[in-house]
Amino acid sequence: MINGMEEARFGVAHLDRISLHYAEMGPADGPLVILLHGFPDTCLGWSHQMPALAKAGFRVVAPDQRGYGLSGKPRGVRAYDLDELADDIVVLGAHFGETRLRVVGHDWGASVAWWLASTRGARMEKAAAINAPHPAIWKRSMYGDKAQRKKSRYVKAMRLRWFPEMAIRRKNFEPFVETLKAAARAGVFNGEIEAYKKAWREPKALSSMLNWYRALLKKKMPEAPGRIETPLLLIWGGKDQFAETALARESIALCALGGTLFLAEGSHWVHREEAQPINEMLITFLQSDQDA
C-alpha cells in the first residue's frame, strides 16, 4: 500500500457516460472535494493531500480519470476532448450528491479544473490548479512562445500514431519513470513506481493516456479566454520543467477571484515536495465559504 493511502476506501462509480474508479477518504457527510490527477499519474498521486483534507472534515474523492488505471477507456482521440473530461467530473459530483463542485487538479487534472471554471462556472464552487496554466493559454504558448515551445516538444511528439506507445512499451515504461524522477526532487518518486507500472499496463491505458494530448492538439481554443468568476487558487512550483511561470501569471489574470501560492524551489510535482504548506493553503481556501 502507498504511504498515506492506508485509510483510503476504493470503489467504482458506474456513471451513465463512463465508469470511474476512485479512492475516497473522510466523513461521508463532509463537503465533497474532488482531486484530479495529471499525466501519467493515478488517484494514488494524492497520497500527500487526501489524509490532510479528510482530517479537516472533507469528503475527498480522487478518481482515476478516464483512460487511466481501472477507469473506463473509450476508444478514439475525441473521447478525450476537454469537454468530455470536464463532463465526467460534473457527473461524478452528482453521483456523490453534489451539484456545485470543489475541484483540485494537478497537471492535466488542473487543465480540467481550469476548463470547468471557464466553461461550467455555474457548476463550480471552488477550483484549485497546481502547475498547469489555462489550457487555451498553454496551447497558444506552445506554438507562439519560444521558451514554452521548447518545453512542449514532447506534446507535439504525441501526434504520431502508435510509435510513442511502441517505444514506451519496448522500454518497459522507463521513459515515464525517468521523466517523473527527472522532473522532481530526489526521492519524491520511489515506492509508487511499481503501482504506476501496473496501472500503465492496463489494457488500452497507454493509448488512452496519450490521447489526452492528441485531443488537445486537435481542439480549437478561444483566442482570448473569457473572465473566470469561479474562485480559483493557483499553486505553482517555480522550477517546473514543462511550463513557463509567465503562463501561470497570464492564467490567473483571467480570474475575477484568483489567488496564488508560488513556491520558488518547487518542481512540477510541488504538491508532493511541499505538501504541508500546500495542504494548509488548500484547507483554508476550501473552507473559506463554508460559513458564508
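Numbers here are sequence positions counted from 1. From a predicted model like this one, the values you see are computed outputs, not experimental measurements.
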- Are the side chain of Gln241 and the backbone N or O of Ser267 linked by a donor-acceptor pair below 3.5 Å? no
- More than 12 non-hydrogen atoms from neighbouring residues, nucleotides or ligands closer than 6.0 Å to CZ on Arg123, yes or no? no
- Item | Pair His14, Ser19: side-chain N/O donor-acceptor within cut-off below 3.5 Å | yes
- Task: From the options Trp236, Trp138, Tyr154, select the one residue that forms a ring-ring contact (aromatic ring centres under 6.0 Å, His included) with Phe242.
- Result: Tyr154
- Item | Check: Leu35 and His106 side chains under 4.5 Å, non-hydrogen atoms | no
- Just by distance, with hydrogens left out, do Thr42 and Tyr196 show a side-chain donor and acceptor under 3.5 Å apart? no
- Test: Arg17 and Glu84 ion pair at under 4.0 Å: yes
- Report the C-alpha distance between Leu53 and Val104 in whole Å, list the side-chain angles of each, state the deciding distance to 0.1 Å, and finish with yes or no for side-chain contact (heavy atoms from CB on, under 4.5 Å). CA-CA 11 Å; Leu53 291 172; Val104 179; 5.5 Å; no
Please tabulate, for side-chain N and O atoms in residues 108-118, each donor-acceptor pair with protein atoms closer than 3.5 Å (sequence neighbours left out).
| unit_1 | atom_1 | unit_2 | atom_2 | d |
| --- | --- | --- | --- | --- |
| Trp114 | NE1 | Ala132 | O | 2.8 |
| Trp115 | NE1 | Asp83 | OD1 | 3.0 |
| Ser118 | OG | Trp114 | O | 3.4 |
| Ser118 | OG | His134 | NE2 | 2.7 |

- For the side chain of Lys156 and the backbone of Met142, is there at least one donor-acceptor N/O pair under 3.5 Å apart? yes
- Donor-acceptor pair, Glu274 side chain versus Gly266 backbone, under 3.5 Å? no
- Query: Got a second to check how far Ile235's CD1 is from Phe285's CZ, nearest 0.5 Å?
  - Reply: 9.0 Å
- NZ/NE/NH1/NH2 to OD/OE distance under 4.0 Å, Glu192 and Lys198: no
- Euclidean distance, Gln287 CD relative to Leu282 CG, rounded to 0.5 Å: 11.0 Å
- Task: Pick out which of Arg249, Arg149, Lys151 makes a salt bridge (Lys or Arg N to Asp or Glu O under 4.0 Å) with Glu244.
- Result: Lys151
- Query: Charged N to carboxylate O below 4.0 Å: is that the case for Arg120 and Asp87?
  - Reply: yes
- Query: Mind checking whether Phe39 and Trp212 have ring centres under 6.0 Å apart?
  - Reply: no
- Query: Does the distance from a Lys or Arg side-chain N to an Asp or Glu carboxylate O, for Glu125 and Arg102, drop under 4.0 Å?
  - Reply: no
- Close side-chain approach of Arg201 and Asn172, heavy atoms under 4.5 Å: yes
- Within the distance-only criterion (no hydrogens, no angle test), does the side chain of Thr284 pair as donor or acceptor with the backbone N or O of Glu280 below 3.5 angstrom? yes
- In this structure, CH2 of Trp46 is separated from CG of Leu36 (nearest 0.5 Å) by 7.5 Å
